[in-house]
Structure formats: structure tokens, C-alpha cells
Protein chains: 2
Amino acid sequence: MDILKWLKQPEKEFPPHKELGHFNFGVCGQFIYEKSGLSQSTISNYLSQLQNVGLITPTRIGKWTYFQRNEENINAYLKEISRKL
Amino acid sequence: MDILKWLKQPEKEFPPHKELGHFNFGVCGQFIYEKSGLSQSTISNYLSQLQNVGLITPTRIGKWTYFQRNEENINAYLKEISRKL
DNA sequence: AGTAAATATCGAAATATGTCGATATAAGAA
DNA sequence: TTCTTATATCGACATATTTCGATATTTACT
């Protein structure tokens with residue numbers, strides 16, 4: 001599952017958001033679900049775990065929730081990994 | 001389990017090797033086992049998995065097998081992780 | 001109020017991982 | 001050759017992770 005990777009370049013990986021017209025808040029869950037090939041519940045579960053550990057930040061706008069990378073925490077996590085390895 | 005981390009600075013983490021007198025080939029499995037608090041079979045299993053994926057390199061000398069970090073592969077792995085994240 | 005779309009939650013099943021004890025193998029020492 | 005020590009392998013079990021379908025919740029639209 002390459003969700004975090006996809007979120008690096010949303011315009012490259014996903015169709016445009018009809019309502020919003022931009023990716024400033026990341027990508028809506030529906031698109032991630034559709035691209036993933038997994039079930040909606042599985043993806044929702046993934047996304048909420050990524051939220052819980054702080055690697056992505058959700059923004060709800062109307063019916064949609066957009067998910068964007070939290071670069072700060074991702075970098076901190078990478079540093080932690082490189083300390084462990 | 002911080003085996004890879006321990007192997008970064010063997011002189012700091014382990015007693016000296018009686019027979020060898022240095023850590024040029026890394027640290028013997030026995031010391032890693034003793035420090036770990038896990039069973040010998042578990043540690044041997046860990047070590048062989050780390051070998052299989054190329055993150056450590058074993059050197060058998062007499063009765064002992066010494067394990068050292070494979071910095072090249074560790075760095076490649078870190079890069080791969082940072083691409084995925 | 002009623003319906004539809006996006007997302008979240010719950011419980012279950014399948015699979016993977018971590019860990020062990022017992023046993024095997026390899027090498028040096030007696 | 002036999003014994004001891006270091007390491008590897010095997011089979012089993014417990015726990016964790018992945019994934020699902022069903023259902024609940026939230027929000028907008030009719």
C-alpha cells in the first residue's frame with residue numbers, strides 16, 4: 001500500500017477534485033479507496049491508523065474528508081528509523 | 001529488538017571478544033543472545049533473517065560466528081523506505 | 001422527512017510474525 | 001572419540017496484522 005507515496009504528488013496520481021479544484025488539503029478518501037483496489041473499510045482503517053500516528057492530517061469539507069501528508073512527522077519518523085537501523 | 005543499533009558501536013554495547021580482541025567482524029552471536037534477553041533460537045532466527053535480506057554479514061571463525069552491519073545495504077534500504085514514505 | 005454518497009466502526013476470518021523448547025550440526029578441547 | 005560450546009533448524013503455539021462484509025454515522029440534496 002503506497003498511500004503516503006501517492007500523496008506526495010496528488011496531481012500525478014489522482015483525478016482532479018470536482019468540488020474543490022485543488023489538492024491543498026490532500027486527496028479525498030474516495031479516490032484513495034478507488035485507486036487502492038481494497039475495500040472501503042480497509043482503506044478507512046488504514047487512513048485512520050495513519051492519522052492516529054500523525055503521518056497524515058484529515059480535513060473534512062462537506063461530504064468529503066481530504067487527507068494530506070504531515071511532512072514534519074514523516075521526517076521525524078524517518079529519522080527515528082535511521083537511528084534504529 | 002535493537003540488534004542493528006547495537007552493532008553500530010560494538011565496543012560500547014558489548015564486552016570484548018576474548019579470542020579475537022577486536023570487533024572487526026562485528027559481534028559474536030552469543031553476546032547478542034545474552035544481551036537480548038530472548039531465547040537462543042529466537043536470536044539465531046533474527047540473525048538469519050537479517051542475513052537473508054543482506055543487512056548483516058556473518059563471518060565464522062572457529063566456534064564463533066561474528067555478525068557485522070552491511071552499511072551499503074542498510075543505506076539502500078533506508079533510501080527505499082524514504083521513497084515509500 | 002427521506003434518500004444517497006462519503007466515511008467510520010465493529011466483529012470475524014485468514015494469514016503472518018514472534019517466540020519458544022527440543023533437537024541437530026559444527027568446531028574445538030579433553 | 002567423546003564432551004562441551006556456539007550456532008542453526010524444526011515444529012508448535014500465541015499474538016498481531018490484514019482484510020473483509022455488514023452496519024452506523026455524517027452531510028448534502030430532494
Side-chain angles (χ1 to χ4, degrees), chain A residues 1-7 10 13-70 77 81 84-85, chain B residues 1-7 10 13-70 77 81 84-85:
Chain A
M1 206 42 17
D2 291 315
I3 294 176
L4 284 172
K5 194 176 172 189
W6 294 342
L7 293 182
E13 303 287 347
F14 298 93
H17 285 132
K18 297 236 161 125
E19 318 256 332
L20 220 52
H22 61 71
F23 292 106
N24 299 350
F25 299 113
V27 178
C28 71
Q30 187 63 19
F31 283 1
I32 297 172
Y33 155 53
E34 284 166 4
K35 186 175 176 110
S36 73
L38 297 176
S39 75
Q40 186 272 324
S41 67
T42 297
I43 290 303
S44 175
N45 186 31
Y46 273 35
L47 292 172
S48 75
Q49 289 180 244
L50 288 171
Q51 270 180 62
N52 290 340
V53 298
L55 296 182
I56 61 176
T57 305
T59 306
R60 175 135 204 174
I61 297 180
K63 238 185 328 189
W64 293 272
T65 305
Y66 301 91
F67 299 90
Q68 66 189 315
R69 294 165 55 88
N70 183 324
Y77 181 45
I81 291 173
K84 288 278 190 179
L85 285 189
Chain B
M1 203 44 15
D2 291 316
I3 295 176
L4 284 173
K5 194 177 173 188
W6 296 341
L7 293 182
E13 303 287 348
F14 298 93
H17 285 131
K18 296 236 162 126
E19 317 256 333
L20 220 52
H22 62 69
F23 292 106
N24 298 349
F25 300 113
V27 177
C28 71
Q30 187 63 19
F31 283 1
I32 297 172
Y33 155 53
E34 284 166 4
K35 185 174 175 111
S36 73
L38 297 176
S39 75
Q40 186 272 325
S41 67
T42 297
I43 290 303
S44 175
N45 186 32
Y46 273 36
L47 292 172
S48 74
Q49 288 180 244
L50 287 171
Q51 269 181 63
N52 290 340
V53 299
L55 296 182
I56 61 177
T57 306
T59 307
R60 175 135 205 174
I61 297 180
K63 239 188 326 191
W64 293 272
T65 305
Y66 301 91
F67 299 90
Q68 64 189 317
R69 294 164 56 88
N70 183 325
Y77 181 45
I81 291 173
K84 287 277 189 180
L85 285 189

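Just so we're on the same page: letters track the sequence lines, and every chain starts at 1.
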**Prompt:** With Y66(A), which residues qualify under ring-ring contact (aromatic ring centres under 6.0 Å, His included), at least two apart?
**Reply:**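 By the ring-ring contact (aromatic ring centres under 6.0 Å, His included) rule, Y66(A) matches H17(A).
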
**Request:** Using the test ring-ring contact (aromatic ring centres under 6.0 Å, His included), find all partners of Y33(B) that sit at least two apart in sequence or belong to another chain.
**Result:**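 Per chain and number, Y33(B) pairs via ring-ring contact (aromatic ring centres under 6.0 Å, His included) with no residue.
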
Using the test side chain to side chain contact (heavy atoms under 4.5 Å, CB included), find all partners of [X] that sit at least two apart in sequence or belong to another chain.
| X | result |
| --- | --- |
| K35(B) | W6(B), E13(B), F14(B) |
| E34(B) | Q30(B), F31(B) |
| K84(A) | E80(A), D2(B) |

**Asked** Taking OH from Y46(B) and P from dT7(D), how many angstroms apart are they, rounded to a whole number?
**Response**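 For the pair Y46(B) OH and dT7(D) P, the rounded distance is 18 Å.
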
Could you tabulate the donor-acceptor pairs under 3.5 Å formed by side-chain atoms of residues 52-64 of chain B, not counting sequence neighbours?
from: N52(B); atom 1: ND2; to: S48(B); atom 2: O; distance (Å): 3.2
from: R60(B); atom 1: NE; to: G62(B); atom 2: O; distance (Å): 3.2
from: R60(B); atom 1: NH2; to: K63(B); atom 2: O; distance (Å): 3.4

**Prompt:** How would you list, by chain and number, every residue that makes a side-chain hydrogen bond (donor to acceptor under 3.5 Å, both in side chains) with S41(A), sequence neighbours excluded?
**Reply:**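 Partners of S41(A) under the side-chain hydrogen bond (donor to acceptor under 3.5 Å, both in side chains) test: S39(A).
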
**Reported CG-to-CD1 distance for the pair L85(A) and I3(B), which is rounded to 0.5 angstrom** =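 The CD1 atom of I3(B) is 12.0 Å from CG of L85(A), to the nearest 0.5 Å.
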
**Item:** Base-contact (B) and sugar-phosphate-only (S) positions in nucleotides 8-16 of chain D, heavy-atom cut-off under 4.0 Å, - elsewhere
**Value:** BB-------

**Message:** What residues from residues 27-35 of chain B pass a heavy-atom cutoff of under 4.0 Å to DNA chain C?
**Reply:**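 None - not one residue of the stretch has a heavy atom sitting under 4.0 Å from the strand.
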
**Request:** Would you mind classifying the nucleic acid contact of I43(A) as base, sugar-phosphate or nothing, using non-hydrogen atoms under 4.0 angstrom?
**Result:**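 No contact.
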
